[in-house]
Amino acid sequence: MRTRLRAPGLEARTRRIYLLCLVPALLVVCLLVVVPLGYQIYLSLRDFSLLRFSDRYIGVRNYAKLLQDPLLLRAIWNTILFTIITTTADFVIAMGMALVVSRLRSGLAYVMRALILLPMMVIPVAVAVLWRNVIFNPPYEVFNRIFGLQGSVLANPRTALWGIILTAVWGFFPMVFLLLSAGLDALPKAPLEAAEIDGASFPRVVWHVILPLLRPVIFVTVTMKAIDSFLTFPFAWIMTEGGPGGASHLLSTYIYTRSFANMDYGYGASLAIFMVLCSATLSFGLVAYVWSGRYGETFS
Amino acid sequence: MARLFRRLALAGAVLLILVWVLTPLYFLVITALTPEGAQTPGLRPPPVLSLEHFQRVLVGTNTLWPFLFNSTAVGLGTVAVVLALALPAAYALARWKALLSRLLYTGFFWLRMLPPISLTIPFYLIFSKVGLLDTRLGLTLALVPLNIPLAVWILTGFIGSVPKELEEAAWIDGASFAGTFTRIILPVTINGIIATGIFIFLEAYTHYLLALVVTNVRAAPLTVFIAGQQTDYRFLIGPMLSAAVFGTLPMIVLYTISLKHLKRVAMAGGMTF
Amino acid sequence: MRMRSVIVVGVLLGLALVARDAGAQTKKFPAGTTVTILASSSHTQLNGVFDAIGEIEKSQGIKVVVVKAPVVEIVPKTARDIQLGTGQFDLIDFTDQGILNLHDLFEPLDAKLKADNTNIDQWKGQFAPWLKDTFVFNTQVKYWPYYLTAIGAMYRKGLLEDPKEKATFKQKFGYDLPTPPKSPKEVTDVAVHFTRKTGGQELYGLTMPGSGNPAVDIFHMNLFKAGLPGVFDEKGDLYWGKNHPENKEAVLRVAQYLYNLANGVKVTPPGIAAMGTTENLKFYLDGKAAMLFDLIHNGWKDVTSQAVISRLGETASFEVPGFKPGEGGIVFYWHWAMSKSSKNKDAAWEVMKWLNTEKTLQLALTGGIGVFVPSNTAVAQWAAQQRLLPPAVVSQVANGKPYRVPKAWSVYYATVAREQISQLTGGSISPEQFVKNTAEQGDRVAEENK
């Protein structure tokens with residue numbers, strides 16, 4: 001840092017101001033996150049069940065139990081599968097749409113953009129109930145009628161998760177589209193025009209010019225989407241409540257069931273802490289990335 | 001020839017997009033307009049359409065207005081609280097080149113990864129002890145920690161893009177801290193602030209899990225109302241879908257007035273680290 | 001002159017007010033008194049009652065707020081609220097899943113009855129006799145019974161009583177078409193007979209919900225009618241778990257029966273594994289099924305309405321036939337309870353009384369969606385006379401007995417039963433697997449909740 005002209009005493013004053021700025025947010029986070037999490041850890045070491053009328057310290061027994069829980073393993077696997085597929089599918093679909101819309105005339109493009117954003121206007125909860133009750137389940141069974149199938153997708157343990165995935169993909173692609181399309185519009189026109197003058201076909205332009213230029217936007221969008229998918233709750237819960245037979249439980253819905261339906265708050269707490277650790281581990285790479293390079297780049 | 005092929009391909013793509021986007025929406029609207037007790041429609045629309053479901057959720061008893069009010073109030077409350085906390089914090093993080101601020105920034109980022117489910121049990125138990133269950137204030141407090149990270153993330157980017165020289169010039173001229181903030185930083189970053197506010201409102205408006213846990217009926221938002229139409233024995237599809245359709249209206253309004261702000265945010269690279 | 005008239009008017013006004021208060025019999029409460037009711041969202045019969053409940057505010061100053069929750073959340077929500085002392089709910093529409101075990105959570109009502117000068121024995125006598133052990137514990141009255149129902153069955157008279165159908169049935173099966181069917185075999189045969197496709201229109205012999213609470217209820221109804229006295233025994237062990245292998249036979253039989261209907265002879269619509277009561281009823285009302293198993297009280301008003309009768313003809317109800325004739329089935333009972341941690345017990349008592357007056361009970365039977373058999377025998381007789389109730393449900397209820405319900409039951413119901421049964425009807429697991437899964441998981445639930 002070069003020396004700059006400063007009024008004397010400004011150094012210390014600014015540092016105090018910075019701290020003052022951070023204190024409210026930190027205080028609130030402490031109160032609303034750190035304290036509850038601490039309470040959660042405390043609960044996870046106890047056998048606290050309202051059904052058994054129990055409340056006593058049992059140490060790490062809950063954690064030992066969850067390591068042997070087959071449904072938990074299923075839930076983890078489902079969550080990973082769900083995250084990867086919805087993120088990829090939404091990205092591919094939204095990217096495709098963004099590219100198509102970018103090739104349209106402005107009037108048509110405007111209309112298309114408005115229409116594409118419509119599924120996002122319908123709140124995720126509403127999307128879930130729509131797909132569950134009208135599209136998948138009898139008596140409307142729109143999905144079955146269109147594809148000539150028998151038996152609801154959501155009632156078969158093998159296909160239930162895929163029904164949820166399809167619904168989530170439909171519900172969230174507009175958001176991804178919004179980000180990608182805005183990013184696409186912001187790209188400098190020069191490289192694109194140059195490529196086209198050189199006679200490159202559109203797919204090659206996309207692959208070699210657009211995607212690399214778009215990389216930061218894509219990275220941010222995909223990361224955000226992946227995080228949200230990992231943590232998601234409404235779709236899975238409203239559509240199948242984790243059924244049938246726990247075949248479509250995601251981590252969040254499984255924790256919810258064990259905690260609230262089984263009224264076993266001790267075990268539920270240990271599961272929740274487990275999920276926090278999972279998500280912390282999975283995002284380690286990302287956090288390291290933020291910590292190291294890019295941070296310095298953005299704010300020089 | 002190749003040109004024609006390209007045009008056809010484009011037209012085909014557009015058609016595909018329209019089918020993908022509009023089919024479920026068509027069924028949403030048609031089913032909400034299907035009168036109760038009509039013969040189950042196939043893929044064809046029913047012979048008679050009726051507004052009875054909309055009537056049922058908009059007038060009389062058991063309407064959606066209290067829930068819509070809750071959703072909006074909690075949404076606005078969350079925006080207010082989060083912005084009040086995140087704006088100064090973002091300023092400090094953008095300007096302060098110290099280890100502590102770097103730690104905190106990374107910490108806020110990590111907070112985004114926190115599963116909301118891990119807060120449900122403690123919130124439920126703590127709220128029940130201090131009487132915050134089923135209150136709008138309680139729900140707002142529950143939503144705040146979930147939205148601070150995103151706000152800090154976006155706002156730090158925006159404030160960071162304001163050149164420090166402008167501020168320093170003002171300081172040298174003897175302006176107060178508050179003065180520089182309102183006169184220099186605020187006008188430049190106002191778009192980012194509005195966009196952040198909108199994102200937060202959307203998050204809060206569409207949230208389900210925490211609302212399910214900490215509210216019952218007095219503070220329940222629209223999301224809980226819609227999902228709650230799935231009772232054990234009779235799924236009240238009519239009210240469910242008409243409420244869903246009606247619930248999109250605030251969203252549409254919000255998006256229409258804010259779309260350019262959001263685009264400007266994305267374009268300005270506000271969505272970077 | 002003016003002063004005097006003012007005084008006169010004032011005195012007259014004062015007298016009028018005093019006279020009004022003296023005449024009023026009902027208890028008045030200070031403004032702002034609120035009573036919160038937790039009711040099952042499946043009790044749509046009470047819709048009319050809850051719409052009219054505002055009159056309590058007018059007459060007594062008590063504001064009533066109704067919170068609805070699905071059946072499987074009633075026990076957890078109540079337990080949480082009372083054990084944590086939150087006191088959110090004052091009155092609870094409590095389910096048989098918890099009535100016998102969790103009565104400690106609730107306020108005894110004897111003192112309140114005495115304070116109203118009610119003869120407690122007379123009061124107890126107004127309910128169906130077999131309920132007596134379900135609302136009195138250690139000589140304390142803990143609940144106010146109000147709701148009874150059972151799984152029932154219906155058939156379309158136009159189909160089963162048609163002479164042509166009877167003739168062809170006799171030819172195919174060698175015996176007279178039973179109206180109604182009286183055994184699982186007869187049910188299967190009649191259903192097979194009526195499953196056909198005529199001129200593009202499909203008809204199924206039997207429709208029943210294959211998912212959710214109704215499916216569980218139907219399964220257990222059949223289980224009890226096969227001789228099992230419950231799902232968990234006195235010690236809390238599963239009746240076909242590792243401590244009772246002798247009962248596995250009966251469970252397998254019922255599982256095979258239902259699996260066969262859905263996947264063997266396929267007399268049920270293909271989507272039943274995703275169908276609940278609403279879809280089931282709609283299927284029947286669309287004229288696509290000859291018989292129906294379900295909580296028929298929910299749709300009884302529909303099938304007896306003129307519009308439906310003119311389209312489908314009349315519908316008759318019958319008791320679900322079981323493997324052991326004469327065995328009673330499962331009767332569901334719900335009682336009103338007052339929370340021990342309620343902060344407005346006096347006001348809650350007034351609301352509880354209002355909910356159980358004859359007028360309110362009659363409104364519940366006419367002003368909502370669906371009906372139920374009132375626990376109050378006088379009102380039940382009135383309802384039967386008015387032909388508001390399916391006869392089969394009335395007779396089923398009359399032969400009821402409370403089934404054994406340990407703490408594990410509500411957990412088993414929500415987490416094991418629902419999942420396994422919908423997989424059975426959907427054909428994803430075999431009957432043998434079903435018995436094995438439910439035994440294993442049931443044992444585990446029993447262990448965890450002893």
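Since the structure is predicted, the reported quantities are computational estimates derived from the model, not experimental observations. Throughout, protein chains are lettered first and strands after them, A, B, ... in sequence-line order, and every chain is numbered starting at 1.
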Quick one: what part of [X] sits under 4.5 Å from any heavy atom of chain B, side chain, backbone, both or neither?
X: A/Met175; result: side chain
X: A/Leu115; result: both
X: A/Val276; result: both
X: A/Ala280; result: both
X: A/Leu43; result: side chain
X: A/Phe143; result: neither

Side-chain (A/Ser283) to main-chain (B/Met113) donor-acceptor, under 3.5 angstrom:
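Checking the backbone N and O of B/Met113 against the side chain of A/Ser283, no donor-acceptor pair under 3.5 Å is found.
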Does any heavy atom of chain A fall under 4.5 Å from the side chain of [X], the backbone, both, or neither of them?
X: B/Leu22; answer: side chain
X: B/Val144; answer: side chain
X: B/Pro24; answer: both
X: B/Leu100; answer: side chain
X: B/Leu212; answer: side chain
X: B/Leu111; answer: side chain
X: B/Leu209; answer: both
X: B/Thr206; answer: both
X: B/Leu114; answer: both
X: B/Val245; answer: neither
X: B/Leu104; answer: side chain
X: B/Leu146; answer: neither

Atom [atom1] of [X] and atom [atom2] of [Y]: how far apart are they, to the nearest 0.5 Å?
X: B/Leu202; Y: A/Met121; atom1: CG; atom2: CE; result: 9.0 Å
X: B/Tyr91; Y: A/Leu22; atom1: OH; atom2: CG; result: 11.5 Å
X: A/Leu251; Y: B/Ser118; atom1: CG; atom2: OG; result: 11.5 Å
X: B/Leu93; Y: A/Cys21; atom1: CG; atom2: SG; result: 9.5 Å
X: B/Ile252; Y: A/Leu117; atom1: CD1; atom2: CG; result: 10.5 Å
X: A/Ser44; Y: B/Ile121; atom1: OG; atom2: CD1; result: 9.5 Å

For a 4.5 angstrom cut-off between non-hydrogen side-chain atoms, does [X] reach [Y]?
X: B/Phe123; Y: A/Pro36; value: yes
X: B/Thr120; Y: A/Tyr256; value: no
X: B/Thr23; Y: A/Trp170; value: no

Might you point out which heavy atoms bring B/Ile17 and A/Met112 nearest each other, and give the distance in Å?
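Smallest interatomic distance, heavy atoms only, reads CG2-CE, 3.9 Å.
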Counting heavy-atom pairs closer than 4.5 Å to chain B, which one of [options] comes out on top?
options: A/Ile123, A/Leu20, A/Ile273, A/Val101; answer: A/Ile123
options: A/Phe230, A/Trp131, A/Phe233; answer: A/Phe233
options: A/Thr232, A/Val100, A/Leu27; answer: A/Val100

Quick test of your reading: applying side-chain hydrogen bond (donor to acceptor under 3.5 Å, both in side chains), list the pairs with at least one residue in residues 22-42 of chain A, sequence neighbours left out, ordered by first then second residue.
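Pairs touching residues 22-42 of chain A that pass the test: A/Tyr42-A/Arg46.
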Aromatic rings B/Tyr124 and A/Phe260: how do their planes relate, parallel, tilted or perpendicular, breaks at 30° and 60°?
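Perpendicular, since the angle between the ring planes exceeds 60°.
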